[in-house]
Amino acid sequence: MELHKWSASNPLLLPDSMCQVKDLSYFSSTETKTLGLLWKPHPDSFAFKISPMTSNCDNLKVTKKAVISTITSRSAWTDWTCDNKGQKLTPVFSPVVEIKGSPTEKYYYTTIGTLCGAVLLSKLLKRTLDAFKINISQIYLWTDSSIALAWIKKPLAQLKKFVRNRVNIIQELTKNDFWKHVNSENNPADILSRGISPNKIRHCELWWFGPPFLHQYKELEPYNITTVEGDDLFLQELKVTSDFPLNALVKNFEPLDIISNCSSFTKLQRVIAWCKRFIENARYPMSRTMGPLKCKELSESLKCIIKNIQRS
């Protein structure tokens, strides 16, 4: 990932040359766009630029409810809290993607989104390994979606097109052994998606230090994907197979010994032709074929050799 711009609220985090650039200067209150918001590095505060809430500015009536409604519709945060006096607004960190539909559809789109996130993680891993150019002995990639994990570990031939194409990318860039399951209670990424206040996140050990099992240095047991193989959502992205069993009898044919032992193809062809004539004469003694080999007999001998090689 190539960084094109730097900005920080502390000048020690900026190179000396950067501090002279107006757009990146710590001492400048220039607004910088980040995550859809405006950020002022010097006071280290977020700001919003909004258009008037009514077309007629003379009749513009600004209320706390209207301000909150306008801000929430343009920001990445979904909740706001007020102090006891109702004067101070505090954003509650909770990025959200609104998905309309039934609970089953929401569950499906959430799982698909997790799978697409796994694709991005796989690409990021490859870029990281290419950049480091060092040998890493163990790699762990985590997901809290057991269904997405089961799809990743499935053979491509058993998956439908949309999921198969994404699993194909994941399997090309990573190994199945890399992928591990983490439940929602131990997933730090779920903290922001559920929503948490800035005061609580300061003391959240899961956010700052990760799940406890990472500090125990124990060998992680592989996740048993059979627990979700009966799930309707998991089965929804599998190809439909026939209920009728198909039995196939496979026979192994060895080539004739004479084919392996004969050094001359012309000799082999003539020997097979003489053998076939002997069999025909034995079956039909009243109409025996005599004299030198005929072109038809040599042609039938060649077909016999080819069939024998193909069957073996």
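If you read the sequence from its start, that first residue is 1, and numbering goes on from there. Bear in mind the structure is a predicted one, so any value in this text is a computation, not a measurement.
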Suppose we screen for side chain to side chain contact (heavy atoms under 4.5 Å, CB included). Which residues come up paired with [X], at least two apart in sequence or across chains?
X	value
Thr266	Ser264, Arg270
Phe162	Ile112, Arg166
Ser299	Lys303
Leu120	none

Are [X] and [Y] packed together at the side-chain level, in the sense that at least one heavy-atom pair is separated by less than 4.5 angstrom?
X	Y	answer
Leu214	Trp142	yes
Tyr284	Arg288	no
Lys123	Leu173	yes
Ile305	Ser301	yes

For the side chain of Asn281 and the backbone of Thr289, is there at least one donor-acceptor N/O pair under 3.5 Å apart?
yes
Under 3.5 Å, side chain of Thr128 to main-chain N/O of Leu124, donor-acceptor pair present?
yes
Looking at every heavy atom in both [X] and [Y], which two are closest together, and how far apart are they?
X	Y	result
Leu159	Lys239	O-CE, 3.2 Å
Lys160	Gln236	NZ-O, 2.9 Å
Leu233	Tyr108	CD1-CD1, 3.0 Å

How far does [atom1] of [X] sit from [atom2] of [Y], to the nearest 0.5 angstrom?
X	Y	atom1	atom2	value
Ile139	Leu125	CD1	CG	5.0 Å
Ile170	Leu141	CD1	CG	9.5 Å
Asp144	Thr111	CG	OG1	9.5 Å
Cys304	Gln269	SG	CD	11.0 Å
Ser122	Arg127	OG	CZ	14.0 Å
Ile191	Ile196	CD1	CD1	5.5 Å

Around atom NZ of Lys294, are there more than 12 heavy atoms from other residues, nucleotides or ligands closer than 6.0 Å?
no
Does CZ belonging to Phe278 count more than 12 external heavy atoms closer than 6.0 Å?
no
If a pair satisfies ring-ring contact (aromatic ring centres under 6.0 Å, His included) and one of its residues is in residues 288-309, list it, with sequence neighbours excluded.
none
For residues 163-182, which residue pairs pass the ring-ring contact (aromatic ring centres under 6.0 Å, His included) check, not counting sequence neighbours?
His181-Tyr223
Establish whether Leu129 and Ile134 are linked, either directly or via other cluster members, by ILVMFWY side-chain heavy-atom contacts under 4.5 Å.
yes
Are Ile272 and Ile306 linked, directly or through other ILVMFWY residues, by side chains that come within less than 4.5 angstrom of each other?
yes
Set of salt bridge (Lys or Arg N to Asp or Glu O under 4.0 Å) partners for Asp232, sequence neighbours left out
none
Residues at least two apart in sequence or cross-chain that pass salt bridge (Lys or Arg N to Asp or Glu O under 4.0 Å) with Glu237, listed by chain then number, are none
Donor-acceptor pairs are to be reported for all side-chain atoms of residues 200-213 against protein atoms at under 3.5 Å, with residues two or more places apart or in another chain.
| unit_1 | atom_1 | unit_2 | atom_2 | d |
| --- | --- | --- | --- | --- |
| Trp208 | NE1 | Ile201 | O | 2.7 |
| Trp208 | NE1 | Arg202 | O | 3.4 |

Sidechain N-carboxylate O distance under 4.0 Å for Glu300, Lys276
no
Non-neighbouring partners of Arg164 that pass side chain to side chain donor-acceptor pair (under 3.5 Å), sequence neighbours left out
none
Residues forming a side chain to side chain donor-acceptor pair (under 3.5 Å) with Gln158, sequence neighbours excluded:
Lys154
Apply the hydrophobic cluster definition, ILVMFWY joined by side-chain contacts under 4.5 Å directly or through others, and give me every member besides Leu298.
Trp274, Leu293
Qualifying residue for side-chain contact (heavy atoms from CB on, under 4.5 Å) with Val163, from Leu115, Leu238, Leu156
Leu115
When you compare the side chains of Asn183 and Asn186, does any donor N or O come within less than 3.5 Å of an acceptor on the partner?
yes
